[in-house]
Structure formats: C-alpha cells, structure tokens
Amino acid sequence: MNPILEIKNLHAGIGGKEILKGLNLTVNPGEVHAIMGPNGTGKSTLANIITGREGYEVTEGEIIFKAKDILSLDPEERALEGIFLGFQYPVEIPGVSMTNFMKAAIDAKRKYKGLDPIKPGEFLKMMREKQALVDIPDKIKNRSVNEGFSGGEKKKNEIFQMAMLDPDLAILDETDSGLDIDALRSVAEGVNKLRSKDNAFIVITHYQRLLDYIVPDIVHIMYDGKIVKSGDKELALELEEKGYKLVE
Amino acid sequence: MKLQDNIIEYINENQALLNDSFPDFIKDIRTKAQQDFIKKGFPSQKNEKWRRTKLKNIADQYYHPGINMIFDKELKWESCVVPEYDRAVALVNGHYVAEKILEVLPNGIVIGSLQAATEKYPDLVKRYFNKLVAQQNKAFDDLNAAMFADGLFLYVPKNVQGFRLQITHRLDAKIDALINVRNLIILEENAQIDMVQCDDSNQHRSHFVTFNAEVFLADKAKLNWYKYQNINNLSAIFSNHYYEVGSQANLYTNFIELNGKTLRNEQFAQIIGVAAKVDLYGLYLADKLQQVDNVIFVSHDKEGSYSNQKFKGILDDSARGFFNGQILVKKDAQQTNAFQKNDNILLTDKARISSQPFLEIYADDVSCSHGSTTGQIDEDALFYIRQRGISKRDAQLLQLYAFTGEIIDAIKIPELIEPTKDLVKKRLNGKLDVCEDCILQCQTRT
Ligand SMILES: Nc1ncnc2c1ncn2[C@@H]1O[C@H](COP(=O)(O)OP(=O)(O)OP(=O)(O)O)[C@@H](O)[C@H]1O
Ligand SMILES: [Mg+2]
C-alpha cells in the first residue's frame, strides 16, 4: 500500500527565515493524524506549504502526494488532485455567494475529471445533503462566502466545503478553535462520517478534547519546525498533563 | 494642436453650412460658441480637471471636422426589435435616425431630431436650450455648441409615465471623424421615463465625439438613464450631462463604461427643488492604454434632498482613471443627505487612478460622507479560492465580478440585469467584442 502523503526532510521558510527544519511525515490511506504543538512552531506553515501557497521557499526535501511530487504544482492543481485545507482563519469573500463559489469549485473538479458541469438540481440536492451533515443553517447558501459568519459558522463552513469536495487528504487547521461544545460535536461527526479506508486526515489542534471525538491513529508533537515525537492517542493526554516540557 | 487648428479652419470656412439650418436663437448661441472656441480652444493640461487626462493623443490627431455636418442618406438605422421598449431610436454620427424624424405619440410625448424640433417647436426649445450649459460652460461645451448638427429631442408631458426608450448611439464614419451630438430632454411635472443608451462603434476608425445632454426634471419627474459604452480602441467620447432637478424629482443614472480609447463622463446635477433624490452609479473597466474619467458634481440648493454617488472601477495594464466627485451643499440646503463613494481595483502596478472626492458644505444640519478606496486583488481570498480547485484566472474573475456587483445590483430594470452581467463578465474575461450587439439584445437586425 502506497502512502497518501509522504514528506521527507522538508526545510522551508519565508523571507529568508527558516520555519520548517527537516520535517518528516507519512500518512497512509484510512488514517487520522493529529498534529499538536506550541504557537508559532510552524503548523500552519506546513499546511500552507502542502497546499502550495505562494511566498514560501522550500529549500530542501520533498512532498509526495499519491506517488507524485507536488512541489511544482499550483494550489488549484493540488486541490484538484485531492488535497483540502480547512483554514485556521477562513477568508471572507464579499460579493461571492456560497452557492456560486461551491458550484465553481465542483465544476472545476468535474472538468478536471473530464465531466460536464453539474446539473442544477443535482447540485442543490448535494448542497442540502452536505449541509445536513454539519448542521449549518440553510440561509448561508445565499450569503457571501464567510461574510458576517460567526467564528463557529466559519469553521463549520470549512467542514461543509470539505464534504462537498470529498478530498483524499483533508488538513484541518484548528477547526476546533472557537467552537462551542455542540458545534465541536457536529464538526467531529461530520469528519467521522467522511472517514473511509481510502482517505486521510491531518488534524491540527491545541486541545486534546477534539481527539475524544475524532479519534486519531497517530499523534505527532511538532516543535521548532520538526516533528519531535509521535505516538498513539495517549500521547495527547500525556501532553495535556505535562505541557510542552515533555519535548523541550 | 493639429485638431484644434483644423476645427478653427473649418469653422471659418463653413459658416453657412454650420449655421444656416438653425433658427436665429440657436445661431446666436452657435456663433458665440464658435468665437469662444476659436479664442479658448481645448482645455489646458494645467486645468485641475484635465491634468490627469491624456488629451494630447486626441489633439494631435486628424479627425475630419465636417462629417458631422453632412447627413449621409445611406446611414440607415438598422431597425431593431426589442419587445420591452416603447421606442427604439438611433443617433448615427450625430444625426437622429428613425422612421420619422419628429413625431408626437398618442400620449403626447414628442420625440425626434433636435434640429427638426428647433424648427417645429422653436418656443419650447428656446425655453430650455443651452440654459444649463451656459451656466457652467465646461470644457468642450463650446466645441459641441459650435459644431453639432443634431441629436435627440425628447419632451414628456405632465403625468405621462412608463415610457421606455432605447437609444443606440453609433459611431459609423468611414474616415477618422469628429462628431458632436447635442441632446435636449424635458420631463414635465410627474412625468417618468426609462432610457437605455448604448454607445457603440461600427467601423474600425478613430472617432472623437462630444456628446452633450441637457435634462430638465420638473417637480416629481423621474428619469432612469442607463448607459453602456463599448466603442473601439481608437475612439473617444467626452460626454457632458447637465441635469436640473425639481422638487421631489428623482434622477437615477447608471453608466457602465466598458471599452474605448478615452471615455469621459461629466455629470452635473443641480437640485433646485426640495426633497429630491439623485442617484448616480458608475462602473468603469479599462485596460491597455485606455483612459476613463468620471467627473461628478451634485449641487444641493434647497433643503431636504438626498444624493448618492457610487462609482467603481477596475484598471488593468497601463490604463488610467480619473474620478472627481463633488458635493456642494448651499446655505439653504438644510437636512441634506449626500453621499459619495469611489472604489478602485488596480490589477497591475502600471495602472493608475486619481480619485478626488470633494465636499463643500455651507449648511449646518446635514449628513454627508465621502470616501475613496484603491486596492489590489485580495491575495488571501485568491489563495482561499484556488485551494478549492478554482484556477487563478477564475479566482480573480470571481473576485472582480463580485466587486462590480454593487453597481449591477443597483439596476432597476429586471430585463437589463442578466445582459449587463454577461457584458461585464465578458469584458473581465477579455472576451467582449466591440462589435458585440449592444445590451439591448436586438432580436432582428435588418
Ligand atoms: N508571512 C510570514 N512572514 C514572516 N513570518 C511568518 C509568516 N507567516 C508565519 N511566520 C512565522 O512563522 C512561524 C510559524 O508560524 P505558523 O503560523 O506556521 O505557526 P503555528 O504553529 O500555526 O502557530 P499557531 O498555533 O499560533 O497557529 C511564526 O514564528 C510566524 O511568526
Ligand atoms: Mg496556525
């Protein structure tokens, strides 16, 4: 079995400052990985680099996704290949309705696979189904992307989009931050329903609590641009108890 | 100043041709304008309102000054059937072209050629003609008055409502030409009309056009004026619009400036009554070396009126834009609400916008605001959209198109919304053909 994602000795930074300092990570189909680590250690940077955000320099190492080196691909190509990022800070896009945005995304994906644009009826049905999955209000469909959404709604909206796009690898960057307990549960349920033997998740979080709902196969502790310790879900509990002196 | 010299020479040599087809009261205005133009010529680049506009590339070029004066009988208006409109008329190279040159409709509306109206209804025309222009006398007003041959005349009697007029303003000279168009629009008390105008060009020729319109809104009159400008990359239109707005009258304009070498729209609205409402919307999209200017002036003379200016622009390549918006609230204009907003996106670091908002307030009980923003495409949003699999180009288009939404959403004629969206999308996509059928979506062209 080939891994979905394989990162080898990744060194990367921004503006001449090295942030990732030799990071290794292998994610296999069907797995859920959790990444924990102190503020500013490079978790979001890692997510950005996997998804191809411009402005970073990769100085060493490789990122293999589904047996392909993706470092030279544009963000949209990586997305179309099946990588999804749930943003730590979802962006507001005034004037672009959720419906139009999702329609454009679904059609881009279909085009990539050589399919015609989705039929309006089919699209609406799909929207309804996925909305129910994460329990977001119907009214957001007509609103501009993330505009005026509450913090929790924004995070749920990321999961909704993930459900719509059905990626092979989803990276969820602090999707649990700012969620109340019910929202947390419904986000986790959404993720659990989407888990399958073919896809994989990387869940970035500061709180062990989320991992009670989304049970990870492997927990990594990231520190100063590297993964310094990996273990099973007990590692998260241990970290909660001892703090980062566990790895210092 | 090649063009200026050519025009002066033409004026001096063609007095009879220029002046004889008009009654004396027009002739007087015209000969004075001719003298003034000879004296003053084109505006100087030192003039604050013209400093940002590249006039040189027009002034140094040759445009035949006389095409305008010769009515080419072959210029037939391609009749255009649009079910939602009550009348379709055309202005071709500055001449009114329709089945009848001047007609009175059963509801009393008079519509036709301004030149014909000066002969048939001299008293009516005399009461209004040049009244607003004379008060302001902006750049190119002299040239327009000195040289125009014709234009639209429209008179809407008291209480006549619901008339929708389609105007195709076409540049169609077979040589590079100067065209001057003069229009007079009069709405009596409680009259209401919609006008949808397309400025388009048929020939791949340079046209330099001055388009002047004087518009009178009596008390409670309502005018909605939509304009779509899509002319070839060689041509320029300088349009000066003057509005006199009476008590409880409503003036609404929405100008979509899509393409042209230089498009300049000046709008001067003087609210002389109380409790009037003026909404001026504009969207300008320019690229290559194009120039788009909007110069707006709203004057509140009396109390209790509302005005709103909202202009948005996207400039690509080395395009230049100029927005100059002024609100004047006179001493007696208490309880005025006046707003102004200009937002721009620059897509390259060579594109330029000069945005100049002005407020001048002499009354104390008023609510006014103005603002101007200039930005680039939002990089965070761009990445967010691309991360969902949407190409960079489409992600940009999505954002640019969203930016235009505020102006398009302000359109009040439902049948215009989809075609406008379509035009704007095509323009943003670089796929708008200047020979595209205009917004009016003719079903037949014969
Ligand atoms: N655009 C940037 N320019 C300069 N430095 C940056 C930039 N983006 C991130 N950094 C720096 O890189 C380091 C890692 O940031 P990153 O956002 O990846 O941390 P994180 O682990 O996600 O932290 P948190 O838990 O607070 O979300 C930080 O020191 C941050 O200040
Ligand atoms: Mg982060």
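- With a 6.0 Å radius and a threshold of 12 heavy atoms from other residues, nucleotides or ligands, Lys392(B) has its NZ atom at or below the threshold.
- Val96(A) is not listed as a side-chain neighbour of Tyr401(B), based on a closest heavy-atom distance of 4.5 Å or more.
- The candidate with the highest count of non-hydrogen atom pairs below 4.5 Å against chain A, out of Ala402(B), Gly405(B), Ala381(B), is Ala402(B).
- Open room surrounds NZ on Lys350(B); 12 or fewer heavy atoms of other groups in view lie less than 6.0 Å from it.
- Interface summary for chain B: among Asn48(A), Ile83(A), Thr51(A), the most heavy-atom pairs under 4.5 angstrom belong to Thr51(A).
- Listed options Leu80(A), Asp74(A), Leu85(A) were ranked by heavy-atom pairs under 4.5 angstrom with chain B; first place goes to Leu85(A).
- Contact check for Val145(A) versus Tyr384(B): side-chain heavy atoms found under the 4.5 Å cut-off.
- With values rounded to the nearest 0.5 angstrom, Ser391(B) atom OG is found 10.0 Å from Glu77(A) atom CD.
- Heavy-atom minimum distance, Pro75(A) versus Phe383(B): CB-CE1, 3.9 Å.
- Only the side chain of Ile93(A) comes within less than 4.5 Å of a heavy atom of chain B; its backbone N, CA, C and O stay farther away.
- Ranked by heavy-atom pairs under 4.5 Å with chain B, the first of Pro90(A), Pro94(A), Ala105(A), Ser97(A) is Ala105(A).
- For chain B, no part of Asn100(A) is nearby; none of its heavy atoms comes within less than 4.5 Å.
- Pairing each heavy atom of Ala79(A) with each of Gly389(B), the nearest pair is CB-N, 3.5 Å.
- In the displayed structure, Lys412(B) atom NZ is contacted under 6.0 Å by more than 12 heavy atoms of other residues, nucleotides or ligands.
- Here Arg386(B) is the residue among Glu406(B), Arg386(B), Gln399(B), Glu379(B) with the most heavy-atom pairs under 4.5 Å with chain A.
- Interface check for chain A: of the options Ile385(B), Asp394(B), Asp378(B), the most heavy-atom pairs under 4.5 Å are formed by Ile385(B).
- Neither the backbone nor the side chain of Tyr89(A) comes within less than 4.5 Å of any heavy atom of chain B.
- Taking CZ of Arg388(B) as the start and CD of Gln161(A) as the end, the distance is 4.5 Å to the nearest 0.5 Å.
- Remark: Ile171(A) CD1 to Gln387(B) CD distance equals 7.5 Å, nearest 0.5 Å.
- Summarising the local packing, NZ of Lys193(A) is surrounded by more than 12 heavy atoms from other residues, nucleotides or ligands at distances under 6.0 Å.
- In terms of non-hydrogen atom pairs under 4.5 Å with chain A, the most contact-rich of Leu398(B), Asp380(B), Leu382(B), Thr404(B) is Asp380(B).
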